[in-house]
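Inspection log for the structure reproduced underneath, given as C-alpha cells.
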Amino acid sequence: RNSAKVVAPLGCLVSRQKHTLPDLPYDYGALEPHINAEIMQLHHSKHHATYVNNLNVAEEKYKEALAKGDVTAQVSLQPAIKFNGGGHINHTIFWTNLSPNGGGEPKGELMEAIKRDFGSFANFKEKLTAVSVGVQGSGWGWLGYNKEQGRLQIAACANQDPLQGTTGLIPLLGIDVWEHAYYLQYKNVRPDYLKAIWNVINWENVSSRYASCKK
C-alpha cells in the first residue's frame with residue numbers, strides 16, 4: 001500500500017498537459033481601426049497557434065530524450081523550446097495588453113512609477129516607441145519591472161526571446177514588432193503601427209501586472 005501511494009504522484013510528474021492557444025478576450029475586429037481584423041485573425045489563429053503546436057512537439061521530443069538520457073538531443077531541442085515557448089509566452093501577454101477600451105494614460109501606482117522612473121508619461125511613451133522602432137529585424141519592445149532594483153525598465157528582445165527568461169525583468173507591457181503584427185495594414189512603416197497601438201493599450205491589465213509583481 002505504501003509503495004502504491006508513492007507511485008501515483010510520480011506518475012503525475014511524468015504526465016504533462018499540452019499547451020493550448022488561449023482565447024482572445026475580444027473579437028478579431030474589436031481593435032479596429034488601429035489593428036484590423038485580418039491581422040488579428042492571422043496573428044492569433046495562425047502565428048500564435050503555430051508556436052503552441054511546435055512547442056508541444058519540441059517538449060514531447062525533449063521528454064523522450066530525457067527518458068533515454070540523450071543529452072545531445074536535449075541540447076539540440078533547446079532552441080526550438082526557447083523560440084516557440086517564448087512565442088507562446090509573449091503572445092499570451094500581448095493579447096491581454098490590448099483592449100478595444102484601451103488607450104489614454106494609466107492611473108494610480110503605475111502612473112506614479114512611470115513618472116518616477118521616466119520623468120513623465122510622454123517621456124516613457126517616447127522611449128518605449130523608440131526602442132520598439134529600433135529593433136533590428138523581428139522582436140519585441142517591453143516595459144518590465146526590475147524586482148531587485150524596484151523600478152520600471154524598458155528593454156528590447158530579439159525574435160521571440162521571452163523578457164523574464166532572458167533579462168530577468170518581469171513583463172508588464174509587450175509590443176510585438178514582428179512584421180506579421182502589422183504588415184497587412186501598415187506595410188513596412190513600423191512607426192505608423194507603433195503610433196496607432198497606443199490607442200488600444202489596456203492600462204488596467206498593465207497596472208494589474210505591476211501590482212502583482214510588487215507583492
Side-chain angles (χ1 to χ4, degrees), residues 19 22 24-26 31 34-35 43 48 51-52 55 78-79 81-178 181-182 190-191 193-215:
H19 302 284
L24 287 188
Y26 39 76
L31 303 182
H34 310 293
I35 306 176
H43 199 170
H48 190 172
Y51 297 130
V52 172
L55 176 60
Q78 286 172 12
I81 293 172
K82 179 182 179 182
F83 180 77
N84 293 293
H88 181 37
I89 290 168
N90 293 341
H91 285 88
T92 299
I93 295 168
F94 183 59
W95 307 133
T96 63
N97 278 168
L98 305 177
S99 169
N101 301 314
E105 299 182 359
K107 299 174 182 176
E109 281 191 56
L110 177 62
M111 186 59 153
E112 292 306 311
I114 286 172
K115 288 178 180 177
R116 178 195 69 209
D117 296 331
F118 302 105
S120 68
F121 178 74
N123 280 347
F124 154 71
K125 186 175 173 180
E126 185 180 332
K127 286 183 178 181
L128 182 53
T129 298
V131 164
S132 302
V133 169
V135 171
Q136 293 186 344
S138 301
W140 292 72
W142 287 98
L143 171 67
Y145 180 66
N146 187 321
K147 206 169 181 70
E148 286 186 7
Q149 298 179 13
R151 68 184 186 91
L152 300 175
Q153 200 169 318
I154 287 170
C157 289
N159 300 312
Q160 293 297 352
D161 290 1
L163 182 70
Q164 191 164 3
T166 51
T167 69
L169 298 175
I170 300 170
L172 304 179
L173 169 63
I175 299 179
D176 189 347
V177 291
W178 279 66
Y182 61 87
R190 187 187 286 177
Y193 158 69
L194 287 165
K195 184 178 179 181
I197 202 170
W198 290 102
N199 293 298
V200 289
I201 297 298
N202 184 355
W203 290 115
E204 286 186 13
N205 179 263
V206 182
S207 294
S208 176
R209 290 179 182 280
Y210 177 61
S212 295
C213 72
K214 285 185 68 187
K215 290 178 181 176

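Quick note: numbers below take in every heavy atom, side chains included, and nothing from hydrogens, waters or symmetry partners.
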Using side-chain heavy atoms (C-beta onward) and a distance below 4.5 Å, is [X] in contact with [Y]?
X: Tyr210; Y: Leu152; result: yes
X: Gln160; Y: Trp178; result: yes
X: Leu98; Y: Ile35; result: yes
X: Trp203; Y: Lys107; result: no
X: Pro106; Y: Ile114; result: yes
X: Glu126; Y: Phe118; result: no
X: Trp198; Y: Thr129; result: yes

Please name the pair of heavy atoms, one in [X] and one in [Y], separated by the smallest distance, quoted to 0.1 Å.
X: His34; Y: Val200; answer: CD2-CG1, 3.7 Å
X: Leu163; Y: Gly144; answer: CD2-CA, 4.0 Å
X: Asn90; Y: Pro162; answer: OD1-CA, 3.7 Å
X: His19; Y: Val52; answer: O-CG1, 3.3 Å
X: Ala156; Y: Val135; answer: CB-CG2, 3.9 Å

Plane angle bin for His43 and His91 - parallel if under 30°, tilted between 30 and 60°, otherwise perpendicular: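 Because their plane-to-plane angle is over 60°, the rings of His91 and His43 count as perpendicular.
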Relative to each other, are the rings of His48 and His88 parallel, tilted or perpendicular (30° and 60° limits)?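 Tilted, since the angle between the ring planes falls between 30° and 60°.
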Please check this pair: side chain of [X] against backbone of [Y], looking for a donor-acceptor N/O pair closer than 3.5 Å.
X: Tyr26; Y: Trp95; result: yes
X: Thr167; Y: Gln164; result: no
X: Asn159; Y: Asp161; result: no
X: Lys147; Y: Ile170; result: no
X: Asp117; Y: Arg151; result: no
X: Asn97; Y: Leu172; result: yes

Could you tell me the separation between the [atom1] atom of [X] and the [atom2] atom of [Y], rounded to the nearest 0.5 Å?
X: Glu109; Y: Arg116; atom1: CD; atom2: CZ; answer: 9.5 Å
X: Asn101; Y: Glu204; atom1: CG; atom2: CD; answer: 8.5 Å
X: Phe94; Y: Ile197; atom1: CZ; atom2: CD1; answer: 4.0 Å
X: Trp142; Y: Asp176; atom1: CH2; atom2: CG; answer: 9.0 Å
X: Leu110; Y: Glu105; atom1: CG; atom2: CD; answer: 11.0 Å
X: Thr96; Y: Leu24; atom1: OG1; atom2: CG; answer: 10.5 Å

Run Thr166 and Cys157 through side chain to side chain contact (heavy atoms under 4.5 Å, CB included) and show every step you take. CA-CA 8 Å; Thr166 51; Cys157 289; 3.9 Å; yes
Do you know which of Leu143, Ile154, Val177 makes side chain to side chain contact (heavy atoms under 4.5 Å, CB included) with Val131?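 Filter result, single survivor: Ile154.
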So Leu128 and Leu173, side chain to side chain contact (heavy atoms under 4.5 Å, CB included) or not? Walk me through it. CA-CA 10 Å; Leu128 182 53; Leu173 169 63; 3.9 Å; yes
Determine, stepwise, if the pair Ile175 / Trp140 fulfils side chain to side chain contact (heavy atoms under 4.5 Å, CB included). CA-CA 6 Å; Ile175 299 179; Trp140 292 72; 5.7 Å; no
